[in-house]
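Structure record follows, encoded as structure tokens.
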Amino acid sequence: MAAESMQDIKRRIRSVTSTEHITNAMKLVSAGKLRKAKAIFEKTNENSHYITHTIAEIFNSSQDIPPEYLAGNREIKTTCYIIVTSCRGLCGGFNSNVLKEAQREIDADWEKPVIFAIGSKGKEYFEKRGYEIYGDYLAPPENISFLETREMSVPIIEMYNRGEIDEVVLIYTSFISSMEQEVKNVTLLPFEIEKDPDIIRNSKPVEYEPSVEAVFNYLVPKYVEMMIYGAVVESATCEHAARRMAMENATDNAREMLDKLSLNYNRARQSAITDEIIEIVAGSEAQK
């Protein structure tokens, strides 16, 4: 029995050691990808802030803004949800947190939702539950280009301008630190920006050519494209951070398990040696 127990423990030690090597390698790979993704995210974040600030200036300095883009000028019936998940697992609660938030929003909506899924995990989740997917992007999020984001956002803006959807909501994971991420729910359209007294006080008269409406109609698609692109880049950063953390925890757990298995193996080995000594002593005494 002791020999069989020792063989079982040795097999488990080999299995757990192999798992520990894999999770540790995945942790190192994710750490490298996180550094690259974080650098791209920081640059993208600067550009998106510039565009949103420009739109805020127009809001606060002009009265001739197209009303269709302003909150309160149309009844919200159909909402378009852009849901950003990953294409791979093994990243802790990264995907489940986004999907829970998206499901909560959809459950609270009386109308049939329009779903655009970025990442295969989101598409698979909603397809299994019978929802129609109007558009998707299934390549790894960190590989997305700005041109692909533009192709994705064009039909959404056209649907909004035609009145087929009344609201565009972006649900993704926001990067706080390498150890902390949180799910964000952002309404892209229509805009709801409060008047900023500082901008109004410091702003100078500006003439927009050919008109404020034309400038705004140009900026809105750029804003949506930039926000979606920034969300995808930020979500990819969060995915790598979550996977690195998950693999680090898995590696630590494997090492703790190895310590326990080694202790059990040593105890079983000592027990087997003790049994052999007892048998030898008992045999020698029987011969006397």
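We're numbering straight along the sequence, starting at 1.
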side-chain contact (heavy atoms from CB on, under 4.5 Å) between R150 and K222, worked out: CA-CA 8 Å; R150 180 182 300 172; K222 299 300 179 187; 3.8 Å; yes
Does the side-chain contact (heavy atoms from CB on, under 4.5 Å) test come out yes or no for R88 and K121, once each step is laid out? CA-CA 7 Å; R88 296 182 291 268; K121 294 295 182 181; 5.6 Å; no
Salt bridge (Lys or Arg N to Asp or Glu O under 4.0 Å) between K77 and E111, intermediate numbers included: CA-CA 6 Å; K77 294 181 179 179; E111 297 290 334; over 6 Å; no
Evaluate side-chain contact (heavy atoms from CB on, under 4.5 Å) for Q103 paired with R129, printing each intermediate quantity in order. CA-CA 10 Å; Q103 188 67 65; R129 286 156 179 80; 3.9 Å; yes
Show the numbers, then the answer: is there a ring pair (Phe, Tyr, Trp, His ring centres under 6.0 Å) between F116 and Y137? CA-CA 8 Å; F116 279 76; Y137 178 84; over 10 Å; no
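A side-chain donor-acceptor contact under 3.5 Å links E148 and S145. A side-chain donor from one of N95 and S86 sits under 3.5 Å from a side-chain acceptor of the other. A donor-acceptor pair shorter than 3.5 Å cannot be found between the side chains of Q270 and N266. For the residue pair E234 / S174, a side-chain donor-acceptor distance below 3.5 Å is found, with atom types taken as modelled.
Residues I228 and S153 approach most closely at CD1-CB, 4.0 Å, considering heavy atoms. Listed here is the closest heavy atom pair of A37 and T237: O-OG1, 3.2 Å. Across all their heavy atoms, C87 and G119 have their closest contact at SG-CA, 3.9 Å. Nearest heavy-atom pair, A250 versus T23, reported as atom, atom and distance to 0.1 Å: CB-CG2, 3.9 Å. Heavy-atom minimum distance, A241 versus S178: CB-O, 3.7 Å.
Between the side chain of T85 and the backbone N or O of G122, at least one donor-acceptor pair lies under 3.5 Å. Without hydrogens or angle criteria, S120 side chain to L138 main chain gives no donor-acceptor distance under 3.5 Å. Using modelled atom types, one side-chain atom of R243 and one backbone atom of G89 make a donor-acceptor pair closer than 3.5 Å. Of the possible donor and acceptor atoms, none in the side chain of T173 sits under 3.5 Å from a partner among the backbone N and O of S235.
With a 4.5 Å cut-off on side-chain heavy atoms, R12 and M257 count as touching. The shortest distance between side-chain heavy atoms of T149 and V232 does not fall below 4.5 Å. No side-chain heavy atom of D136 sits under 4.5 Å from any side-chain heavy atom of I118. Residues E127 and E132 form no side-chain contact, since every pair of their non-hydrogen atoms from C-beta on lies 4.5 Å or further apart. Annotation: side chain of V168 is in contact with side chain of I82 (closest heavy-atom distance under 4.5 Å). Residues Q181 and F94 are not in side-chain contact: their nearest non-hydrogen atoms beyond the backbone lie 4.5 Å or more apart. Between R11 and D8 the shortest side-chain heavy-atom distance falls below 4.5 Å. No side-chain heavy atom of V114 sits under 4.5 Å from any side-chain heavy atom of T79.
The OG1 atom of T251 lies 10.0 Å from the NE2 atom of H21; values are rounded to the nearest 0.5 Å. Between the CD1 atom in I157 and the CG atom in L189 there is a gap of 7.0 Å [rounded to 0.5 Å]. We find the SG-CG distance between C238 and N97 to be 11.0 Å, quoted to the nearest 0.5 Å.
Salt-bridge check for K128 with E124: failed, with every basic side-chain N at 4.0 Å or more from each acidic carboxylate O.
Counting only residues at least two apart or in different chains, salt bridge (Lys or Arg N to Asp or Glu O under 4.0 Å) contacts with residues 254-272 comprise E20-R255. A salt bridge (Lys or Arg N to Asp or Glu O under 4.0 Å) check over residues 24-40, counting only residues at least two apart or in different chains, returns nothing. Applying the salt bridge (Lys or Arg N to Asp or Glu O under 4.0 Å) test to residues at least two apart or on different chains, the pairs with a partner in residues 163-173 are R74-D166, R162-E164.
In this view, E75 satisfies the salt bridge (Lys or Arg N to Asp or Glu O under 4.0 Å) rule with no residue, not counting sequence neighbours. By the side chain to side chain contact (heavy atoms under 4.5 Å, CB included) test, A39 pairs with no residue at all, sequence neighbours left out. Partners of Y229 under the ring pair (Phe, Tyr, Trp, His ring centres under 6.0 Å) rule, at least two apart in sequence or in another chain, are F146. With sequence neighbours left out, the salt bridge (Lys or Arg N to Asp or Glu O under 4.0 Å) criterion links R104 to E101. Scanning for ring pair (Phe, Tyr, Trp, His ring centres under 6.0 Å) contacts around Y134 gives an empty result, with sequence neighbours left out.
Through direct or indirect side-chain contacts shorter than 4.5 Å among Ile, Leu, Val, Met, Phe, Trp and Tyr, M179 is connected to M245. Connectivity analysis of hydrophobic side chains (ILVMFWY, heavy atoms under 4.5 Å, direct or indirect) links L99 to Y81, I83, V98, I106, I115, Y125, F126, Y131, I133, V169, I171, V183. Other members of the cluster containing L28 do not exist, because no ILVMFWY side chain is joined to it at under 4.5 Å. When hydrophobic residues (I, L, V, M, F, W, Y) are linked wherever their side-chain heavy atoms come within less than 4.5 Å, the members clustered with M247 are I22, M26, L90.
When the side chains of ILVMFWY residues are joined at heavy-atom separations under 4.5 Å, either directly or via intervening members, I176 and Y172 end up in two distinct hydrophobic clusters. Hydrophobic clustering (ILVMFWY, side-chain heavy atoms < 4.5 Å, transitive): V154 and V220 are in distinct clusters. Linking ILVMFWY side-chain heavy atoms closer than 4.5 Å, directly or via other members, places F175 and I144 in a single hydrophobic cluster. Criterion: ILVMFWY side-chain heavy atoms under 4.5 Å apart, direct or through other members. Under it, I165 and I76 are not part of a common hydrophobic cluster.
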